[in-house]
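These notes are about the structure you will find just below.
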Amino acid sequence: MSVVVKRNEVPFTYRDYASWPADERWELIDGVAYDMCAAPSRRHQAISVVLSMYFSNCFKGKPCKVYVAPFDVVLPDKGTDDWRDSITVVQPDLVVICDKSKLTDEGCLGAPDLVVEIISPYTSKKDIKEKFDLYEREGVREYWIVYPGDRAVQVYALTEKGFYDEGRIFDLSNQRVKATGSAGPTRAAVSAGTTVNSVLFPDLSIPLEELFAE
């Protein structure tokens with residue numbers, strides 16, 4: 001994944017981010033601007049559609065809300081009086097938000113309850129390392145990393161100590177070494193079968209054969 005800084009006067013804030021051209025897609029992590037590069041691939045989009053369908057069906061009529069990219073998640077800095085001065089704004093592929101007070105016209109202000117990121121060649125390092133650390137630090141209660149090439153999904157749940165657990169890997173291709181390669185978290189994921197199950201939401205499960213049908 002290439003990291004591109006839009007200008008030299010870092011750290012950037014949400015105010016900078018909101019002023020950039022609408023046809024450009026960026027994320028800010030700790031004030032650094034990451035270019036989201038080209039549009040997602042067809043396979044990425046197919047997986048996103050399946051995820052959206054299952055998540056939407058699971059949470060239909062329930063308090064928690066599901067949103068898909070592009071959707072801004074602003075993670076305010078502690079001690080910041082105005083959230084627009086925040087230096088972290090991300091656009092996960094899918095989020096679940098159960099606290100309605102976090103929803104704004106702009107998106108979400110604060111950590112979602114669950115985040116899903118679909119790995120691509122351009123975003124793999126950021127999703128596996130930078131965002132893993134970010135979501136853990138900000139208190140995202142569950143984090144899914146989807147690997148289209150390996151046909152696998154890793155699910156991490158936040159522990160009472162505020163760190164992600166060792167994780168579970170749901171694998172259709174028996175390539176766990178690839179999915180948990182050296183670029184990713186060092187914790188060893190536990191093999192958990194071929195149907196993804198949420199830790200936080202027991203009613204949410206997705207067969208990998210459907211998720212990776214393409």
Enter the distance from [X]:[atom1] to [Y]:[atom2] here, rounded to the nearest 0.5 Å.
| X | Y | atom1 | atom2 | answer |
| --- | --- | --- | --- | --- |
| Cys108 | Gln91 | SG | CD | 12.5 Å |
| Ile206 | Thr194 | CD1 | OG1 | 13.0 Å |
| Asp82 | Asp77 | CG | CG | 11.0 Å |
| Asn197 | Ser205 | CG | OG | 5.5 Å |
| Asp93 | Gln45 | CG | CD | 8.5 Å |
| Asp85 | Arg15 | CG | CZ | 4.5 Å |

Residue pairs involving [range] (criterion salt bridge (charged side-chain N to carboxylate O under 4.0 Å, His left out); sequence neighbours excluded):
| range | value |
| --- | --- |
| residues 51-69 | Lys62-Asp203 |
| residues 113-122 | Asp113-Arg141, Glu117-Lys131 |
| residues 102-111 | none |

Please test Asp171 against Asp150 for side chain to side chain contact (heavy atoms under 4.5 Å, CB included), starting from the C-alpha separation and ending with a verdict.
CA-CA 8 Å; Asp171 183 18; Asp150 295 318; 5.5 Å; no

With distance as the sole test, does [X] use its side chain to make a donor-acceptor pair with the main-chain N or O of [Y] at under 3.5 Å?
| X | Y | result |
| --- | --- | --- |
| Gln154 | Gly167 | no |
| Thr88 | Asp30 | yes |
| Asp72 | Pro70 | no |

What about Tyr135 and Tyr156, are their ring centers closer than 6.0 Å?
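Ring centroids of Tyr135 and Tyr156 are no less than 6.0 Å from each other.
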
Do [X] and [Y] come close enough that some side-chain heavy atom pair is under 4.5 Å?
| X | Y | answer |
| --- | --- | --- |
| Trp26 | Phe12 | no |
| Val140 | Pro112 | yes |
| Val199 | Arg168 | yes |

Check whether Ile87 and Tyr34 end up in the same hydrophobic cluster, where Ile, Leu, Val, Met, Phe, Trp and Tyr are linked by side-chain heavy atoms less than 4.5 Å apart.
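No, separate clusters.
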
[X] versus [Y], closest heavy-atom pair with distance:
| X | Y | result |
| --- | --- | --- |
| Cys64 | Val96 | CB-CG1, 3.9 Å |
| Gly139 | Leu158 | CA-CD2, 3.7 Å |
| Pro148 | Arg43 | O-NH2, 2.9 Å |
| Ala69 | Pro92 | CB-O, 3.3 Å |
| Gly110 | Pro76 | N-CD, 3.9 Å |

Which residue in the set Glu138, Glu130, Glu27 passes side-chain contact (heavy atoms from CB on, under 4.5 Å) when paired with Val90?
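The option that passes is Glu27.
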
Starting from the C-alpha separation in whole Å, work towards a yes-or-no answer on side chain to side chain contact (heavy atoms under 4.5 Å, CB included) for Val155 and Tyr143.
CA-CA 6 Å; Val155 174; Tyr143 181 31; over 6 Å; no

For Glu209, look at atom CD and say whether over 12 heavy atoms of other residues, nucleotides or ligands are found less than 6.0 Å away.
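Count not over threshold, so no.
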
Taking everything shown except Asp81 itself, do over 12 heavy atoms lie less than 6.0 Å from its CG?
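Check fails, neighbour count at 12 or below.
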
By the ring pair (Phe, Tyr, Trp, His ring centres under 6.0 Å) test, which pairs, at least two apart or in different chains, include something from residues 71-94?
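Non-adjacent pairs meeting ring pair (Phe, Tyr, Trp, His ring centres under 6.0 Å): Tyr14-Trp83, Tyr67-Phe71.
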
The criterion is side chain to side chain contact (heavy atoms under 4.5 Å, CB included); which residues satisfy it with Lys161, sequence neighbours excluded?
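With neighbours one apart ignored, the set is Thr159, Phe163.
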
Determine, stepwise, if the pair Ile128 / Tyr147 fulfils side chain to side chain contact (heavy atoms under 4.5 Å, CB included).
CA-CA 10 Å; Ile128 296 170; Tyr147 298 84; 4.0 Å; yes

Without placing hydrogens or testing angles, list every side-chain donor-acceptor pair under 3.5 Å for residues 47-56, not counting sequence neighbours.
from  : atom 1 : to     : atom 2 : distance (Å)
Tyr54 : OH     : Glu210 : OE1    : 2.5
Tyr54 : OH     : Glu210 : OE2    : 3.1
Ser56 : OG     : Ser52  : O      : 2.7

